[in-house]
Protein chains: 2
Amino acid sequence: MATIKDIAKEAGVSVTTVSRALNGYSDVSEKTRKRIEETAERLNYSPNSLARSLVMNKSRTIGLLVSELNRSGAKDMFTFEVMCGINDSASDIGYDLILISTNPDKQQQKSYSQLCRERQVEGVIMQGIKLDDPYIQDVLNSSIPCVLVDVEVEADNVGYVTTDNVFGAQMAVKHLLNLGHTRIAMMNGHDQAHVSMKRRKGYERELNDAGINVKDEYVLNGEFLEPAAETEAYTFLQQHPEVTAMFCASDLMALGVMRAAARLNLRVPEDLSIVGFDNIVLSEYASPPLTTISQDKYQMGYEAAKLLTSMLAKSDGARKAVLDNQLIVRETTAPAPS
Amino acid sequence: MATIKDIAKEAGVSVTTVSRALNGYSDVSEKTRKRIEETAERLNYSPNSLARSLVMNKSRTIGLLVSELNRSGAKDMFTFEVMCGINDSASDIGYDLILISTNPDKQQQKSYSQLCRERQVEGVIMQGIKLDDPYIQDVLNSSIPCVLVDVEVEADNVGYVTTDNVFGAQMAVKHLLNLGHTRIAMMNGHDQAHVSMKRRKGYERELNDAGINVKDEYVLNGEFLEPAAETEAYTFLQQHPEVTAMFCASDLMALGVMRAAARLNLRVPEDLSIVGFDNIVLSEYASPPLTTISQDKYQMGYEAAKLLTSMLAKSDGARKAVLDNQLIVRETTAPAPS
DNA sequence: TTGTACGCGTTATCAT
DNA sequence: ATGATAACGCGTACAA
């Protein structure tokens, strides 16, 4: 591997001149610059980013910290789509992306800031962590800028990206109300998810606005898992035949509810209307295709990286981004049975 | 950020001793080691991997080079699952993963080896590239070890991971033959995919073995795209009503064929049996669920990283890994109509 | 316009 | 068992 030293020797100048020539400084004569550029080309030179980062104390690298990056995530593709957005955004601005995956086991061994410092990342985007994850506190204590996905925490150098979950849930419920449903249940995720709280809030608010009082026993807990949602829905729907619609905090859970309905010989949407959340790829292929609230996951990632890099550039400015959601009406919702 | 220099000062020793103590060398007294470890802890020290990499000339980083990393298509689910495997494998062995995405545009600007050298990766795993991609030649000319996913190229420091595509295709076709089908078409991908060639070979071999002669016009080109496959199948099935089964080189194309069948009022599987390839998540949720050849994508990634790191450790040894596939019978195949 | 000298944080060599 | 010193490749203040 050729270094600037080699180039300097070849071109008969000092390393300083080479460095300046290659970095486009003005105080180098056109003649020597040409010569240097040519020899650099000839020697197949490319700068050593490690050395550069070391001396500049800037790695131009951001860490993508994902909790439990595993196959099961392939189902909803959420992580992946967000990642695509991050990747595009980061590479637009000339930042490299380094993948850091953790799990409860690893977290015992290494603290958040250790993980980050070791890899010399300038900032971090964190995804897929629960509210009770100790890393959240670590992030707040750390001086490394961080943007969280779907966790609304703000601090000096901590921001977040999320979507308007409350309003999204309201859109879903309003859609059902408009179809004449009044006994609407909700399949929620778990208490350690920020989005769960928000979506429940939207669910309750919209019902309240419609003058329908919210029943606690109508809100189930499906752990954001398809089988769990199926099990929960199966027993619930038996006990509550009066329920004609269910709003689910995720598409995956909605698919579980659809299975439960099938096992109970409930037709979707004639007997039971279902609205999901996320608009994952699967929702379009389900039968019938799932009505859902669409989140622009790619954009979430894109904004996250944009936010982080802007925080890196200057410490003032925005710390959060909240994206809009959208109702996608497909075929799992119909007028309430009379 | 504390450095070993700080620790040395605090502990009253030299940086050399600190370095050795922290790296577990034997030639340092237990007493001073304890002291050094304590002050390191107290100062919240973590090593600067950049500096270490620089001096050791080893970054312990591998690049994951993905062509056209983007939201669209099932290719992405594939990419993601492979990535999970790579990530787990790499982190098991203490390697970091850095994401490098390219597209034709970027390739014009930077050569493969430039991309790698700049980021100082020790090795590369390449995924999602076509046979005519110029980067493949670059890889062969480069001295940076590389493992390709689904491209069977071998050289001094180039290996690959793939599955037994020929035999996979044979299993698919045999399954159809066993059900009594004889007029079996194939929806292939495009000529620039290695797997296309292999799967076609398996298709032809199995038919030949059964004494059925292969018709060129029975092999279609769906570009690995759902809509393209749908279009192709739509016209083909009209012209060839005698065909009772179709083997598809990807699940996504199989879904396209299913759409075409639906538009033609052909029942699946009663009128038309379909077998896919890949076993993507979607295939399980299609209606009816898709019979397919399952590839263990996670394992592919895991093996790829394992292969690469072993190549990094010692230059002799295995250069390739070929994984087995598996027939997953679901509900898109039935006995041939009589 | 160009070169000298130093520092970034770490490991490795050679003394002591 | 420990320390001084040189390297790794690069950027930059300062001098010329």
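These numbers come from a predicted model, not from an experiment. By convention in this document, chain letters (A, B, ...) are assigned in the order of the sequence lines, proteins followed by strands, and residues within each chain are numbered from 1.
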- Among the nucleotides dT12(D), dT10(C), dA4(D), which one has an atom lying closest to any side-chain atom of Met56(A)? dT12(D)

- Residue set satisfying side chain to side chain donor-acceptor pair (under 3.5 Å) with Gln192(B), at least two apart, ordered chain then number -> none

- Message: Please tell me if Asn23(B) has a side-chain N or O lying less than 4.0 Å from either OP1 or OP2 of dT11(C).
- Response: yes

- Starting from C1' on dG7(C), measure out to CG on Leu54(A) and report it in whole angstrom. 9 Å

- Query: Any side-chain donor paired with an acceptor under 3.5 Å for Arg117(B) and Asn48(A)?
  - Reply: no

- Note on the structure: Taken to the nearest whole Å, CG/Leu22(B) to C1'/dT2(D) is 16 Å

- Note on the structure: Regarding the side chain of Thr17(B), the nearest nucleotide among dG9(C), dG3(D), dC14(D) is dG3(D)

- Task: When you get a sec, tell me which of dG9(C), dC10(D), dT11(C) is the closest nucleotide to the side chain of Arg52(A)?
- Result: dC10(D)

- Identify whether the distance between the nearest side-chain nitrogen and carboxylate oxygen of Asp96(B) and Arg60(B) falls below 4.0 Å. no

- Take atom CG of Asp6(A) and atom C1' of dC8(D), then tell me their distance rounded to the nearest Å. 13 Å

- Message: For a quick test of reading the model, state the closest non-hydrogen atom pair linking Cys146(B) to Val139(B) and the distance between them.
- Response: CB-CG1, 3.7 Å

- Spacing between Lys9(B) atom NZ and dG3(D) atom P, to the nearest angstrom: 15 Å

- Task: Consider only side-chain N and O atoms of Lys110(A) and Ser46(B), and report whether a donor and an acceptor are under 3.5 Å apart.
- Result: no

- Query: Taking for each residue the nucleotide of DNA chain C with the nearest heavy atom, is it Ile4(B) or Arg20(A) whose nucleotide lies nearer the 5' end?
  - Reply: Arg20(A)

- Item | DNA chain C contacts among residues 26-36 of chain A, heavy-atom distance under 4.0 Å | Asp27(A), Val28(A), Ser29(A), Thr32(A)

- Nearest whole angstrom, please: distance from the C1' of dT11(C) to the CG of Leu50(B). 15 Å

- Counting only side-chain N and O atoms of Thr3(B), is one of them less than 4.0 Å from OP1 or OP2 of dG9(C)? no

- Nucleotide dC8(D), atom P - distance to NZ of Lys5(A) in whole Å: 5 Å

- Scanning both residues in full, the closest heavy-atom pair of Val158(B) with Met311(B) reads N-CE, 3.9 Å

- Query: Looking for any heavy atom pair under 4.0 Å, which part of the strands does Thr16(A) touch: base, sugar-phosphate only, or nothing?
  - Reply: base

- Could you check whether Ser19(A) gets within reach of a base, just the sugar-phosphate, or nothing at all, counting any heavy atom under 4.0 Å? base

- Note on the structure: Rounded to whole Å, CZ of Arg119(B) lies from P of dC10(D) at a distance of 16 Å

- Divergence of helical axes at both termini of the helix from dT1(C)-dA16(D) to dT16(C)-dA1(D) - five pairs an end, 10° steps: 40°

- Counting heavy atoms from C-beta on, name the nucleotide in dG11(D), dT5(D), dG9(C) closest to the side chain of Val15(B). dT5(D)

- Item | Phosphate-side-chain proximity, Tyr25(A) and dT12(D), N/O vs OP1/OP2 below 4.0 Å | yes

- Query: Should Glu10(A) and Arg42(A) count as an ion pair when the cut-off is N to O under 4.0 Å?
  - Reply: yes

- Are Arg33(A) and Ile36(A) close enough that some pair of their side-chain heavy atoms sits under 4.5 Å apart? no

- Query: Please give, in whole Å, the distance from dC8(D) C1' to Gln120(B) CD?
  - Reply: 11 Å

- Query: Are Met300(B) and Asp150(B) side-chain neighbours, meaning at least one heavy-atom pair lies under 4.5 Å?
  - Reply: yes

- Given the options Leu65(A), Val66(A), Leu308(A), Ile125(A) meets side chain to side chain contact (heavy atoms under 4.5 Å, CB included) only with Leu308(A)

